[in-house]
Every structure is written in structure tokens, then in C-alpha cells.
**Q** 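This is the structure I have questions about; it appears just below.
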Amino acid sequence: MRGSRSLIHLTKGELDAFHDDYLALLACYARGPEDAPDDARPVLLRWFGLPAD
């Protein structure tokens with residue numbers, strides 16, 4: 001298991017760009033079980049960008 005938490009200061013536009021970049025990164029690794037290596041396991045990922053104030 002891996003995890004990370006951060007607090008950064010972003011504008012609305014930067015948060016939108018971060019979200020788009022996150023989705024693009026997921027697309028780089030996305031594949032179905034038929035294309036996955038034998039040792040690959042399903043992994044649940046969640047991403048939230050919430051104002052902290």
C-alpha cells in the first residue's frame with residue numbers, strides 16, 4: 001500500500017489543471033485485466049481536491 005497527503009495553495013485554474021494532469025497520468029497506466037502482468041492487482045485510487053478553509 002502507498003499513500004500521500006499534502007497541503008498546497010492553488011488557484012481554481014491551477015486546481016483544474018492539476019485534476020486534468022492527474023487524469024492524464026491515470027490514462028498512462030490504465031489497462032484492463034486481460035493486458036495486465038500476472039503479478040498485477042486491482043488498485044483503488046481516490047483523488048480529492050477540497051478547499052481547506
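Residues take their numbers from the sequence shown, with the count starting at 1.
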**Q** Is Leu7 isolated, or which residues cluster with it under the ILVMFWY side-chain rule of less than 4.5 Å, directly or via members?
**A** none
**Q** Could you pull out all donor-acceptor pairs under 3.5 Å where a side-chain atom in residues 29-41 meets a protein atom, sequence neighbours excluded?
**A**
none

**Q** Residues in side-chain contact (heavy atoms from CB on, under 4.5 Å) with Leu50, at least two apart?
**A** Phe48
**Q** Should side-chain heavy atoms under 4.5 Å link Ile, Leu, Val, Met, Phe, Trp and Tyr, which residues sit in the same cluster as Trp47?
**A** Ile8, Leu10, Leu15, Phe18, Tyr22, Leu23, Leu26, Val43, Leu45
**Q** Should side-chain heavy atoms under 4.5 Å link Ile, Leu, Val, Met, Phe, Trp and Tyr, which residues sit in the same cluster as Leu44?
**A** none
**Q** Going by salt bridge (charged side-chain N to carboxylate O under 4.0 Å, His left out), name the pairs with one or both residues in residues 10-29, residues two or more places apart or in two chains.
**A** Lys12-Asp16
